[in-house]
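Structure first, then comments.
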Amino acid sequence: MEPAWHLKVLSYFYDIPIEKIHSDYSGTLEVSLHRGEWKLSTFNAIYSFGKYYTSYKGAFNQLDIQQFPAKNILLLGVGLGSIVRLLQHHPTIQEITAVDIDPVIIGLAKKYWPDSQSKFRSIFFAQDAIQWLKDFSSQNKFDLILSDVFIDDSTPESMLTQQYLQLLKERLSTRGILIYSKLQYTEAHKAANLSFDKTFVQVFPSGFTLQAQYNKMYIHRQ
């Protein structure tokens with residue numbers, strides 16, 4: 001859904017509240033319009049912010065993702081479709097599979113999903129990412145896997161394990177790319193990431209990281 005033009009103009013002057021809704025997972029979720037983009041926020045974190053979603057915008061630019069011939073994308077952690085917005089000019093993407101444990105966020109995503117992405121087929125699942133990966137029975141694998149899973153400002157413990165990373169690895173196509181986002185804002189985040197570094201390299205020995213403003217992006221190329 002695209003915002004009305006007059007609201008879009010006003011949103012460059014001040015943040016326009018659109019709706020608030022309760023989530024059993026994230027508490028109060030607020031949708032607002034800011035600088036012409038839909039923004040989804042909790043008390044401590046921004047889940048989605050259109051083309052200003054700096055973590056993936058920075059990673060995509062550094063990896064020159066527009067030149068990567070991806071056809072099918074797996075998005076774990078959905079927001080309002082910021083990542084889809086960032087991929088709007090990608091020449092080869094055909095399908096995006098979006099998975100989020102929170103049915104409230106899935107409902108909001110369907111409501112605010114970028115209209116201009118009609119060339120993409122979008123499939124939504126309101127399910128725990130690990131369980132979905134275990135249940136996924138198709139022989140097809142994904143060219144680009146994006147793990148953007150947060151509960152407020154924390155990555156769930158289950159997504160910090162070798163088991164989760166191994167499931168991601170198994171679903172990645174032969175020349176696929178994995179991008180895994182973690183916050184790198186506070187000293188606590190930085191300390192936790194030092195521990196996760198060791199786990200990540202155990203599953204992806206050739207993996208590396210990129211800095212994208214307040215996020216640390218873990219990258220693996222098959």
Return yes if some donor-acceptor pair links the side-chain N/O of Lys141 with the main-chain N/O of Glu170 below 3.5 Å, else return no. yes
Would a 4.5 Å heavy-atom cut-off, applied to side chains only, mark Val203 and Leu168 as touching? no
Are the side chains of Ile130 and Met159 in contact, using a 4.5 Å heavy-atom criterion? yes
Check the hydrophobic clustering (I, L, V, M, F, W, Y; side-chain heavy atoms under 4.5 Å; chains of links allowed) and say if Leu178 and Val99 are grouped together. yes
So, do Tyr14 and Ser32 sit near enough that their side-chain heavy atoms are less than 4.5 Å apart? no
Find out whether Tyr112 and Ile18 are in side-chain contact, i.e. whether some heavy atom of one side chain is under 4.5 Å from a heavy atom of the other. yes
Identify whether Leu172 and Leu74 are in the same connected component of the hydrophobic contact network (ILVMFWY, side-chain heavy atoms under 4.5 Å). yes
Tell me if a side-chain donor or acceptor on Trp38 pairs with a main-chain N or O of Met1 at a distance below 3.5 Å. yes
Qualifying residue for side-chain hydrogen bond (donor to acceptor under 3.5 Å, both in side chains) with Ser23, from Asp102, Thr28, Thr42, Asp152: Asp102
How about Phe125 and Phe136: are their ring centres within less than 6.0 Å of each other? no
Look at the aromatic rings of Phe204 and Phe200 and report parallel, tilted or perpendicular, splitting at 30° and 60°. tilted
Tell me, please, whether Tyr52 has Arg35 positioned over its six-membered ring: NZ or CZ under 6.0 Å from the ring centre and within 45 degrees of its axis? yes
Any donor-acceptor pair under 3.5 Å from Ser181 side chain to Asp148 backbone: no
Donor-acceptor contact below 3.5 Å, side chain Ser26 vs main chain Ile151: no
Which label fits Tyr180 and Tyr164: parallel for a plane angle under 30°, tilted from 30 to 60°, or perpendicular past 60°? perpendicular
Could you tell me whether the side chain of Gln62 and the main chain of Gln211 form a donor-acceptor pair under 3.5 Å? yes
Result for side-chain contact (heavy atoms from CB on, under 4.5 Å) between Ser48 and one of Leu80, Val84, Leu108 points to Leu80
